[in-house]
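Notes for the one structure printed next.
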Amino acid sequence: MDQPVTPPKTPYEIAGGGEVIEAIVARFYELMASEPAYAELRAIHAEDLAPVQQGLTQFLKAWMGGPKDWFAQGKCVMSLHRGFPISGAIGGQWAEAMQRAIADQKGMNAELAQALSERLSQMARAMVNQQQG
Ligand code: HEM
């Protein structure tokens with residue numbers, strides 16, 4: 001007899017769903033805006049962080065297996081960063097702020113939190129497009 005097939009959980013589900021992703025991204029931009037260590041990273045963003053907060057939240061939901069709205073726009077997350085001067089130092093600031101924002105979600109599955117931090121840090125490193133810094 002066939003066993004009932006339970007589909008594996010997506011990272012979106014393991015993380016705790018949309019609210020957890022919204023909380024990570026809100027914390028990330030809060031850190032970026034308030035910590036002097038991330039001033040260079042803050043400086044290449046627009047004055048109003050609300051649109052990018054919305055964009056990154058939608059992207060992460062889609063990328064982690066939740067609602068796919070961000071992908072429906074047909075944007076490529078790597079290409080849309082080519083227009084910004086991203087030094088190694090700025091890439092490092094992005095990765096560190098994101099690692100902290102993830103670590104601040106206390107109830108999150110620890111294994112997923114670790115994997116997410118590592119994968120997003122790798123993506124940030126891949127976006128570095130300036131030699132200096
Ligand atoms: C290397 C470090 C990074 C820097 C310096 C950076 C910088 C930026 C900047 C300047 C913007 C435009 C914001 C504005 O106009 O105010 C942006 C948008 C965005 N970034 Fe990054 N970013 C980095 C890494 C990442 C990574 C690793 C991801 C994905 C995991 C990501 C996802 C996004 C998304 C989804 C948007 C919004 C795009 C949209 O919906 O239009 N970024 N980023």
Side-chain angles (χ1 to χ4, degrees):
M1 256 214 313
D2 287 345
Q3 295 292 319
V5 178
T6 312
K9 282 193 173 181
T10 61
Y12 177 85
E13 289 168 323
I14 297 167
E19 279 175 28
V20 175
I21 295 166
E22 284 158 21
I24 292 172
V25 178
R27 181 67 182 137
F28 172 77
Y29 286 109
E30 188 180 72
L31 285 167
M32 185 200 284
S34 64
E35 292 271 341
Y38 309 137
E40 266 186 287
L41 174 62
R42 175 68 186 89
I44 64 164
H45 285 77
E47 187 63 30
D48 182 6
L49 289 174
V52 67
Q53 181 166 334
Q54 160 95 353
L56 183 56
T57 303
Q58 297 292 98
F59 170 82
L60 286 179
K61 285 182 182 178
W63 183 72
M64 291 171 69
K68 297 278 174 235
D69 310 7
W70 196 86
F71 290 149
Q73 303 172 84
K75 291 185 196 169
C76 163
V77 77
M78 296 306 289
S79 317
L80 68 83
H81 287 82
R82 283 196 200 116
F84 299 103
I86 305 182
S87 64
I90 289 182
Q93 290 169 23
W94 195 101
E96 187 185 292
M98 182 52 78
Q99 283 163 14
R100 287 177 61 184
I102 293 168
D104 283 348
Q105 310 312 309
K106 296 301 177 203
M108 200 173 158
N109 175 294
E111 215 176 308
L112 179 71
Q114 179 70 22
L116 192 58
S117 280
E118 283 171 12
R119 193 66 193 88
L120 293 176
S121 298
Q122 278 172 10
M123 279 173 80
R125 276 198 295 278
M127 285 173 187
V128 171
N129 56 19
Q130 307 277 300
Q131 294 294 315
Q132 306 92 330

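Index from 1, following the sequence. Both ligands and their constituent atoms are indexed starting at 1 by order of listing.
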If you count the atoms of ligand 1 from 1 in the order shown, which ones are under 4.0 Å from a heavy atom of Gly55? 35 (C), 40 (O)
Taking only heavy atoms of Ile44 into account, list the atoms of ligand 1 that are under 4.0 Å away from them. 5 (C), 10 (C)
Heavy-atom contact check, 4.0 Å cutoff: does Arg125 meet ligand 1? no
Listed partners of Glu40 passing salt bridge (charged side-chain N to carboxylate O under 4.0 Å, His left out), at least two apart: none
Any side-chain heavy atom of Gln105 within less than 4.5 Å of one from Arg27? yes
Which atom pairs, one a donor and one an acceptor, fall under 3.5 Å between side chains of residues 43-57 and the rest of the protein, sequence neighbours left out?
{"unit_1": "His45", "atom_1": "ND1", "unit_2": "Leu41", "atom_2": "O", "d": "2.8"}
{"unit_1": "Asp48", "atom_1": "OD1", "unit_2": "Ala50", "atom_2": "N", "d": "3.0"}
{"unit_1": "Thr57", "atom_1": "OG1", "unit_2": "Gln53", "atom_2": "O", "d": "2.6"}

Can a donor-acceptor pair be found, under 3.5 Å and without considering hydrogens, that links the side chain of Tyr38 to the backbone of Ala33? no
Ligand 1 atoms in contact with Ala124 (distance to a heavy atom under 4.0 Å): 1 (C), 27 (C)
Can you list the ligand 1 atoms lying under 4.0 Å from a non-hydrogen atom of Leu120? 27 (C), 30 (C)
I need the Leu120 CG to Gln99 CD distance, nearest 0.5 Å. 9.5 Å
Restricting to under 2.8 Å, identify the protein N, O or S atoms around atom 21 (Fe) of ligand 1 as residue plus atom. His81 NE2
With distance as the sole criterion, is a donor-acceptor pair present between the side chains of Gln122 and Arg125 under 3.5 Å? no
Lys106 side chain to Ala103 backbone, donor-acceptor under 3.5 Å: yes
Check Gly91 against Ala124 and note the closest heavy-atom contact, atom names and distance. O-CB, 4.0 Å
Lys75 heavy atoms within 4.0 Å reach ligand 1 at atoms 39 (C), 40 (O), 41 (O)
So, for Val20 and Met108, which heavy atoms are closest and what is the spacing to 0.1 Å? CG1-SD, 4.2 Å
Just need the protein heavy atom nearest to atom 14 (C) of ligand 1, so name the residue and atom and give the distance. Ala46 N, 3.8 Å
Should the proximity of Trp70 to ligand 1, defined as any heavy atom under 4.0 Å, be assigned to the side chain, the backbone, both, or neither? side chain
Please report which non-hydrogen protein atom sits nearest to atom 29 (C) of ligand 1, along with the residue it belongs to and the distance in Å to one decimal place. Phe59 CE2, 3.6 Å
When you measure from atom 9 (C) of ligand 1 to every protein heavy atom, which one gives the shortest distance, and what is it? His45 NE2, 3.5 Å
What are the atoms of ligand 1, with element, lying closer than 4.0 Å to any heavy atom of Leu41? 5 (C)
Is it the case that Gln114 and Glu118 place a side-chain donor and acceptor less than 3.5 Å from each other? yes
Extract all donor-acceptor atom pairs below 3.5 Å that involve side chains of residues 59-68 and protein atoms in other chains or at least two apart in sequence.
{"unit_1": "Lys61", "atom_1": "NZ", "unit_2": "Glu22", "atom_2": "OE2", "d": "2.6"}
{"unit_1": "Lys68", "atom_1": "NZ", "unit_2": "Ala62", "atom_2": "O", "d": "2.8"}

Could you tell me which atoms of ligand 1, counted from 1 in the order shown, lie closer than 4.0 angstrom to a heavy atom of Ile90? 5 (C)
Find all atoms of ligand 1 within a distance of less than 4.0 Å from any non-hydrogen atom belonging to Gly91, and give their numbers and elements. 1 (C), 2 (C)
What's the separation between atom CZ in Phe71 and atom SG in Cys76, rounded to the nearest 0.5 Å? 10.0 Å
